[in-house]
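Reviewing the structure listed below.
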Amino acid sequence: MSNVLLSNGWIAVVSPALFALAIGLFGTRTRTFVPWLSMFAPLTVLATGIAALSATAASEAAGYTGTYLTPPVGEGSLRWLLGATEGIRIGFAIDGLTALMLVVVGFVALMVMLFSIGYMADDPGLVRYYALLCLFTASMTLLVIADGLVGLFVGWELVGACSYLLIGFWFHKPSAAAAAIKAFLTTRVGDVGMLLGLAVLWQTTGALSYPDVFSAVPGLSTGTVTLIALLLFVGAAGKSAQFPLHIWLPDAMEGPTPVSALIHAATMVAAGVFLVARTWPVFEAAPNAQVVVLAIGAFTALAAATIALAQTDIKKVLAYSTISQLGFMFAALGAGAWVAAMFHLITHAAFKALLFLGSGSVIHGAETQDMREMGGLLKLMPITAATWLIGSAALAGIPPLAGFWSKDEVIHAVMSRSPLAGVALLAASLLTAFYITRATRLTFFGSYRGTHHPHEGGWVMWVPLVALAVPASLAGFAGHKIAETLGERGESLDFTTAALSIGVAFLGVAVGWIAYRDGVVSELDVEARFGRAWPVLRNAYGFDGLVSAVVVRPVYALSDWLYNLVDRKIFDGAAEGVGTLTRKIGTGMSRIQYGDTQWYATLLAAGFVVLAVLVAVDWAMIAQWLSTNLGVR
Amino acid sequence: MSLVYVALALFCIGLYGTLTRRDIIAVLASVEVMLGGATVLLVGLSATSNLAGVSTPPGETSGVGLVILVLAAAEASVGLALMLAVARRLNTTRIDELDEVSG
């Protein structure tokens, strides 16, 4: 079984795509079965991933000299865009990195689909929702399974399209439609950078599949490699919401919460990290690009964590937290510790998907996203509360939960590369522990402040929470295993860093716990105490306003100008000019058609005479006569 | 040879009448004169085996002339019928008064 799945890796892409197609076409007739049927899509991916993991573990990695991280356990390709040239190879290759991603994508997608049965039960768009989830699963699988940048790019754009469609799922809400467009356009900026990177790569090496690219990289000049690496990073930063392209992710929370868990926390936004890890040989050859990645990552991690402090919408807290955690991963990549980054990606996928689904459960029960209207849910929604506590402790970096181990590796790696960035990450960890404690206290402790009757959803909603709580608590112990799967040796725990980060985590939790002991009263108290700083944070430093002043409004002004001048005057002018000219000529010509039949007949006769003369006259003879008698040539 | 000049003269007289007469009946009659010129030319062609360098088999074109006579009769009756309709409807037989399409 495993061999069949691996040697025909396309199944993991094609099968979810077929499910998406079938559900999209025929789903409305079998509405009740659609969610259950959909789950076969992520199950295929998960099965492929598990088969690949076990095959990778069984394969002999020592002495492998190929360009993949571990010997690929499944490979295949076909040529595409055939023409005068030999075309572009598009294929799949499953090595350790891909296997890990397949497991993450398959598992989280499965949990999200299960959860959505409860969350989306009464939604009229249920069938469209599941078709899109299946399409997303197919696209994300294509992204991770591709053996070259062409396949990756196709998947990359498809997940972007799915993200757009799912953020704007409730498109009748103007804010959701606007958020979808914002997300699409912002990530498009990054995608253009990435496409340019691919163009430069194709121009300089003539290769886009990973093995060819990696073997060509040493032959390139440092400048070229740096350019390629930076352009790829622009794409990664757009997809993974890194400063200054992070602005779309908080707005993306307009989509259904399970979608936020799948796309905007665990998988798609991590695609940027995956891209950099996948093309690591390129970044390895470009130390200057690494510095940029490190700086942007550390800055984003810290800045987003400060913004998360002041949010009142539970999903916005998690959104900024996601941006911040992705910043951690990029900082690790910039420090050269791509294994640590992947480790953090995996643990983060588990605990952040858990937190998002937990928030979904809370929103479903309390019917609001504002934490100030929650409180006391610990007693009313005990399973959600218990799993949320596990997830938040993992995020805060409390040992022995998953987040602690991976965050520790990240901070250790960054600290040894740049102490400044390391300190920034420690500060971000402190803030992380603080803001998640704040969110927990406001949501689950104290007494209920809302007007609804919060309750647990059905088993379909709490089973995914429990299932995700398992990796969120235990994935940290798999660090060595993950490193080995990636063809590297695992790092052992660095005790100085560990002590520091544990101290920071407990400090953050303690301060948050004490500061928010009175729930919403404390929130008002903090707001009063920090005066003007709090609204600035809540407003994300007004960066949205800056972007709209610097980018959006000039673009609008330019569009207006182009519309009025080029479109209205030149193009419309030309089109209407042709029409006007034709009418004028017609009006002029109609003057000679004034109804006098004999005048027509006269013109006819005159025309005949002219034609007859033209036919009868021997032009050559005239020319000769002219030249001989008058000397005209 | 002189038949050609006769035919040409008939045609030109008919053309002049067609272009200048204001009465529809006169115009119609002038058109018949033009047609007559063309018929004369055809019949004349059949009388000579070599006209202006073009060799024609004898008797061939006089048959065409007969066809034209029949067609001309039909054409004249249709033309007169149209003219009658115009005269009844618009109460005029002057061609320069029929200018309804004038823009």
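Quick note on labels: first sequence line is chain A, next is B, and so on, each numbered from 1.
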Once rounded to the nearest 0.5 Å, what's the spacing between atom CG of B:L15 and atom CZ of A:F608? 10.0 Å

Any chance CG of B:N91 has more than 12 other-residue heavy atoms, nucleotides or ligands included, within less than 6.0 Å? no

Using non-hydrogen atoms and a 4.5 Å limit, figure out which bit of B:L19 sits close to chain A: side chain, backbone, both or neither. both

Please check if atom CZ in B:R22 has more than 12 non-hydrogen atoms from other residues, nucleotides or ligands closer than 6.0 Å. yes

Might you confirm whether atom NZ of A:K569 has over 12 heavy atoms from other residues, nucleotides or ligands at distances under 6.0 Å? no

Chain B heavy atoms under 4.5 Å from A:T597: which part of the residue, side chain, backbone, both or neither? side chain

Where does A:A601 contact chain B at under 4.5 Å (heavy atoms): side chain, backbone, both or neither? both

Classify the side-chain pair A:Q598/B:R21 by whether it contains a donor and acceptor separated by less than 3.5 Å. no

Flag yes if more than 12 heavy atoms outside A:W599 fall under 6.0 Å of its CH2 atom; otherwise flag no. no

Got a sec: does the CZ of A:F169 have more than 12 other heavy atoms crowding it under 6.0 Å? yes

